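To keep things clear, I will list the structure first and then write my remarks on it.
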Amino acid sequence: MADSNHVEEVKCEVCNKISAKYRCPGCSRRTCSLACVKCHKIQFQCSGIRSKTKFVSVDNFTDRNLLSDYRFLEDVDRLAFSAAHDGRKSWRRWSTQISFLRRKAKQNGVDLKLMPVGMSKRKENTSKFCRELQCIMWRIRWLFPQAGFEYVDRGVSELTVVNEVLRKYIDPEKADAVHKQSLKNYCAVGPQGICVFLKVESLPASKLR
């Protein structure tokens, strides 16, 4: 008969040698030391910060999750207030460039939606219209769910075919060694063997697609 008091030892998911002591708030991986914590952030491209928008089922919802959601809503309210009361100088700095980008996008059949000034996605967005090339340069965030990796291209011409952009990541011959190692499952099939999906925006959180 098994000992009811025995607790199975959980191994570190980085070195797989010593029993794990820590759990990452961001990806929930178990580690044993500061060295393995730092290593897992590099290996799995993890920030170590818990996702404030991650879905939590009712059965697993605790007071801690409730407090986190409350603080998240406070942060959103504060950012929205700050954006609404930005000075006129800040508004003029953005209006011409952004309006021109939206107009060019609309001419090309793209309904461009932007986050309010002050939101992190707005700050990270480097998409712009290049007057020299006379085309939009899009910021693209690539998510590879089967490998758990994420990469960002900050200036991809709208005239470039998606297949060509992906080659530097998953082409068996053209991809660099780092990408080949981290995305080996994708490299095994190559650009022609995968499907690319775009997230459907402006949907309720319960209908994420």
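One-based numbering along the sequence shown. Computed from a predicted model, the values in this text were never measured in an experiment. Just so you know, these numbers use all the heavy atoms, side chains as well, and skip hydrogens, waters and symmetry mates.
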**Study point:** Same apolar cluster (I L V M F W Y, side chains within < 4.5 Å links), Val189/Tyr151
**Key:** yes

Practice item. Answer with yes or no whether the hydrophobic clustering places Leu183 together with Val196; edges join I, L, V, M, F, W, Y residues whose side-chain heavy atoms lie under 4.5 Å apart. Key: yes

Review point. According to a 4.5 Å side-chain heavy-atom criterion applied to Ile, Leu, Val, Met, Phe, Trp and Tyr, with indirect links allowed, do Ile98 and Trp138 form part of one hydrophobic cluster?
Key: yes

Review point. Is a side-chain N or O of Tyr186 found less than 3.5 angstrom from the main chain of Gln146, in a donor-acceptor match?
Key: yes

Point to revise | Any donor-acceptor pair under 3.5 Å from Arg30 side chain to Cys12 backbone | key: no

Check your understanding: Is there a donor-acceptor contact under 3.5 Å from the side chain of Asp153 to the main chain of Gly155?
Key -> no

Check your understanding: Quick check: does any side chain N or O of Thr31 sit under 3.5 Å from a backbone N or O of Val37, one acting as donor and the other as acceptor?
Key -> no

Practice item. Measure from the ring center of Phe144 to the ring center of Phe149 and say whether it is less than 6.0 Å. Key: no

Practice item. Output the distance between atom OG1 (Thr126) and atom CE (Met137), rounded to the nearest 0.5 Å. Key: 9.5 Å

Review point. Under 3.5 Å, is there a donor-acceptor pair between the Tyr169 and Ser182 side chains?
Key: no

Revision key, fill the gap. Output for pair (Leu114 CG, Ser127 OG), nearest 0.5 Å, gives 9.0 Å

Check your understanding: If you count the non-hydrogen atoms of other residues, nucleotides and ligands that lie under 6.0 Å from CG in Asn108, is the total more than 12?
Key -> yes

Exercise for review: Spell out, yes or no, whether Ile194 and Ile140 are grouped together once hydrophobic residues are joined by side-chain heavy atoms under 4.5 Å, including indirect joins.
Suggested key: yes

Exercise for review: Keeping the roles fixed (side chain from Lys11, backbone from Ser19), state whether a donor-acceptor pair exists under 3.5 Å.
Suggested key: no

Review point. Above 12 or not: heavy atoms from other molecules or residues under 6.0 Å from CZ of Arg71?
Key: no

Review point. Hey, is NZ on Lys128 packed in by over 12 heavy atoms from elsewhere, all under 6.0 Å?
Key: no

Check your understanding: Is the NZ or CZ atom of Arg29 both under 6.0 Å from the centre of the six-membered ring of Phe44 and within 45° of that ring's axis?
Key -> yes

Review point. Do Gln134 and Phe129 come close enough that some side-chain heavy atom pair is under 4.5 Å?
Key: yes

Review point. Does Thr160 use its side chain to pair, donor to acceptor, with the backbone of Val156 at less than 3.5 Å?
Key: no

**Study point:** Whether Asp171 side chain and Glu173 backbone form a donor-acceptor pair below 3.5 Å
**Key:** yes

Review point. Is the backbone of Lys168 close enough, under 3.5 Å, to the side chain of His179 for a donor and an acceptor to pair up by distance?
Key: yes

Review point. Is the charged tip of Arg131 near the ring of Phe100: under 6.0 Å from the six-membered ring centre and within 45° of its axis?
Key: yes

Review point. Which residue, His40, Lys41, Glu13, forms the side-chain contact (heavy atoms from CB on, under 4.5 Å) with Cys27?
Key: His40

Check your understanding: Glu150 side chain to Leu143 main-chain N or O, any donor-acceptor pair under 3.5 Å?
Key -> no

Practice item. Evaluate the salt bridge (charged side-chain N to carboxylate O under 4.0 Å, His left out) criterion for residues Lys113 and Asp111: first the C-alpha distance (whole Å), next the side-chain angles of each, then the deciding distance (0.1 Å), finally the verdict. Key: CA-CA 6 Å; Lys113 299 182 182 296; Asp111 182 16; 3.4 Å; yes

Check your understanding: Going hydrophobic residue to hydrophobic residue with side-chain gaps under 4.5 angstrom, can you get from Leu66 over to Leu73?
Key -> no

